[in-house]
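Here's the structure we're looking at; comments come further down.
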Amino acid sequence: MLIERRTRRDFLAGAAKAAVLGLSGTTVLSGVSAFATPPIEPPASAAEKLIPYGAAVRSDALASDLTYRAAMAANCQIIVPESELKWTELRPTRDQYRFEKADAILDFARLNGIDVRGHTLAWSGAMPAWTDAIATPVEAERELVDHIQTVVGRYRGAVQCWDVVNEPLAHWPEDDASFRPSIWASRLRGNYLPIALRATAAADPGARLVLNEYDLEFSGPRFMARRHALIRLLRTLRDRDVPLHAVGLQAHLFADRAIDRDGLQTLLAEIAKLKLDVLITQLDVIDYELPGKVSERDAQVASLAAGFLKTVCEVACPKAIVTWGLSDRYSWVPTYFKRPDGLPNRPLPLDADLRPKPLYDVIEEFRRKAA
Ligand code: XIL
């Protein structure tokens with residue numbers, strides 16, 4: 001296919017160019033902005049119509065691996081620090097803020113004209129042990145608000161969009177007050193969401209505020225319960241006049257789970273009724289139980305993502321498509337979902353040698369089609 005051939009060749013051209021320029025450490029690569037850099041600059045209007053693509057990024061790899069750095073610059077219009085803005089990274093002790101790693105990512109983004117999503121301010125995960133000592137609701141609110149004022153204030157204008165609340169719902173929620181156990185939910189109950197969202201809006205009135213959630217797209221009673229609980233939670237926030245702009249679908253797809261087309265589309269229609277945007281924030285395909293040759297697996301991963309993106313785009317045009325990593329060289333999947341046959345996982349758009357896979361072409365196709 002013509003588009004496919006052009007996409008692959010141009011990605012490599014873009015990456016090579018970025019690699020050369022990146023070595024100097026001074027070059028601004030803002031012109032290298034499309035998912036695959038086109039050979040002839042398209043008219044501005046055509047380029048603007050693409051849905052922006054982004055990926056989670058790792059500061060250590062950015063510093064040590066120039067080919068990875070070049071690929072990020074060549075392909076991403078958005079990056080999201082994979083861990084560097086989480087509490088464990090920023091807050092080793094109660095009185096300390098460590099911004100070095102996050103700052104390095106922000107510098108890379110600024111140099112290359114890339115937008116940054118912030119992940120995340122209020123989550124159950126990645127909490128340093130000292131937070132267990134937060135005892136009362138008053139103390140919890142003070143810690144949460146102080147953290148948000150400091151972090152969001154520091155990156156005001158530089159982080160355009162925040163996953164303010166990540167994974168608020170219980171794994172299998174019974175109702176909209178079934179929150180995932182966390183220090184915030186245990187001390188503040190559901191009030192932690194309005195507190196976090198209002199504090200973020202106050203610290204950076206220009207930032208887009210996102211509620212990010214996982215396991216929303218599949219068939220089965222647990223996933224249906226999650227969709228229902230999310231809709232009720234969003235309505236409660238709206239009724240309380242809480243600032244919120246978008247819902248993030250993490251979209252960690254599983255090769256052995258079916259997408260519930262009607263269920264997902266109903267959820268998206270409800271989100272649209274509430275005048276909220278939709279973003280795809282952590283797309284990848286967890287392939288640990290997928291059999292077959294590499295080429296067959298790659299085709300199935302791409303086809304699963306295509307089915308998901310088609311289902312979403314028929315109802316809501318996502319404001320961004322972000323994958324949880326760019327290349328199989330750096331992915332969370334092997335740590336949590338290692339393959340029993342010992343073969344490497346292949347969850348992301350580029351393989352471990354930074355070569356585009358069929359998933360890459362699928363994302364490119366939907367960036368154009370949906371826009
Ligand atoms: C993961 C990171 O990718 C890992 O490197 C880290 O060890 C644990 O967290 N949902 C989220 C992300 O919201 O923050 C998680 O990231 C992946 C699942």
Side-chain angles (χ1 to χ4, degrees), residues 54-65 68 72 76 78-92 98 101-102 104-105 116-129 131 147 151 159 161-171 179-185 192-193 196 200 209-218 222-223 226 230 246-255 257 278-288 305 308 320-338 344-350 352:
V57 64
R58 294 185 178 178
S59 58
D60 51 352
L62 219 44
S64 64
D65 182 344
Y68 166 76
M72 293 299 298
C76 296
I78 302 170
I79 52 177
V80 48
E82 188 170 335
S83 303
E84 290 79 353
L85 288 169
K86 292 175 180 170
W87 277 66
T88 35
E89 292 290 331
L90 291 175
R91 306 293 304 280
R98 300 290 306 264
K101 290 180 185 171
I105 291 179
V116 179
R117 306 195 67 250
H119 176 84
T120 172
L121 300 165
W123 186 32
S124 60
M127 292 300 282
T131 56
H147 179 88
V151 175
V159 171
C161 182
W162 276 100
D163 288 338
V164 178
V165 179
N166 193 38
E167 304 181 346
L169 297 174
H171 195 57
F179 294 105
R180 190 162 179 176
S182 70
I183 195 75
W184 311 123
Y192 87 86
L193 287 93
T200 309
L209 312 182
V210 179
L211 185 156
N212 204 37
E213 205 29 289
Y214 73 104
D215 273 0
L216 295 169
E217 51 281 280
F218 307 114
R222 182 169 73 79
F223 307 105
R226 293 179 63 74
L230 178 61
V247 173
L249 309 182
Q250 288 190 0
H252 294 292
L253 306 179
F254 283 74
R257 290 184 191 169
V278 167
L279 296 103
I280 295 165
T281 54
Q282 302 186 5
L283 178 66
D284 56 15
V285 180
I286 295 171
D287 61 343
Y288 69 134
F308 168 75
I321 300 177
V322 178
T323 52
W324 204 237
L326 175 65
S327 148
D328 296 337
R329 193 182 289 181
Y330 303 109
S331 161
W332 76 306
V333 173
T335 313
Y336 295 87
F337 306 98
K338 206 174 252 326
N345 298 82
R346 299 175 64 84
L348 289 167
L350 304 187

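Order of appearance sets the numbers: ligands from 1, and atoms from 1 within every ligand.
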Quick one: closest heavy-atom pair of [X] and [Y], and the distance?
X      : Y      : result
Ala126 : Trp87  : O-CB, 3.4 Å
Asn212 : Leu249 : OD1-N, 4.3 Å
Pro334 : Asn345 : CA-OD1, 3.4 Å
Phe218 : His252 : CZ-O, 3.5 Å

Exercise for review: Tell me which protein heavy atom sits closest to atom 4 (C) of ligand 1, plus the residue, atom name and distance to 0.1 Å.
Suggested key: Glu82 OE2, 3.8 Å
Review point. For atom 11 (C) of ligand 1, which protein heavy atom lies nearest, and how many Å away is it?
Key: Gln282 OE1, 3.2 Å
Revision key, fill the gap. At under 4.0 Å between heavy atoms, what of Tyr336 touches ligand 1? The answer is side chain
Check your understanding: Would one find an N or O of Trp324, backbone or side chain, under 3.5 Å from an N or O of ligand 1?
Key -> yes
Atoms of ligand 1, numbered as shown, that sit under 4.0 Å from any heavy atom of [X]:
X      : value
Glu167 : 10 (N), 11 (C), 13 (O)
Trp123 : 14 (O)
His119 : 11 (C), 12 (C), 13 (O), 14 (O)
Lys86  : 1 (C), 2 (C), 9 (O), 12 (C), 14 (O), 15 (C), 16 (O)
Asn166 : 11 (C), 13 (O)

Review point. Under 3.5 Å, is there a donor-acceptor pair between the side chain of Arg226 and the main chain of Tyr214?
Key: yes
Exercise for review: First locate atom CG of Leu326, then atom CZ of Arg58, and finally report the distance between them rounded to the nearest 0.5 Å.
Suggested key: 12.0 Å
Review point. Around Lys101, counting heavy atoms of other residues, nucleotides and ligands shown, do more than 12 lie under 6.0 Å from its NZ?
Key: no
Check your understanding: With a 4.0 Å cut-off on heavy atoms, does Tyr214 reach ligand 1?
Key -> no
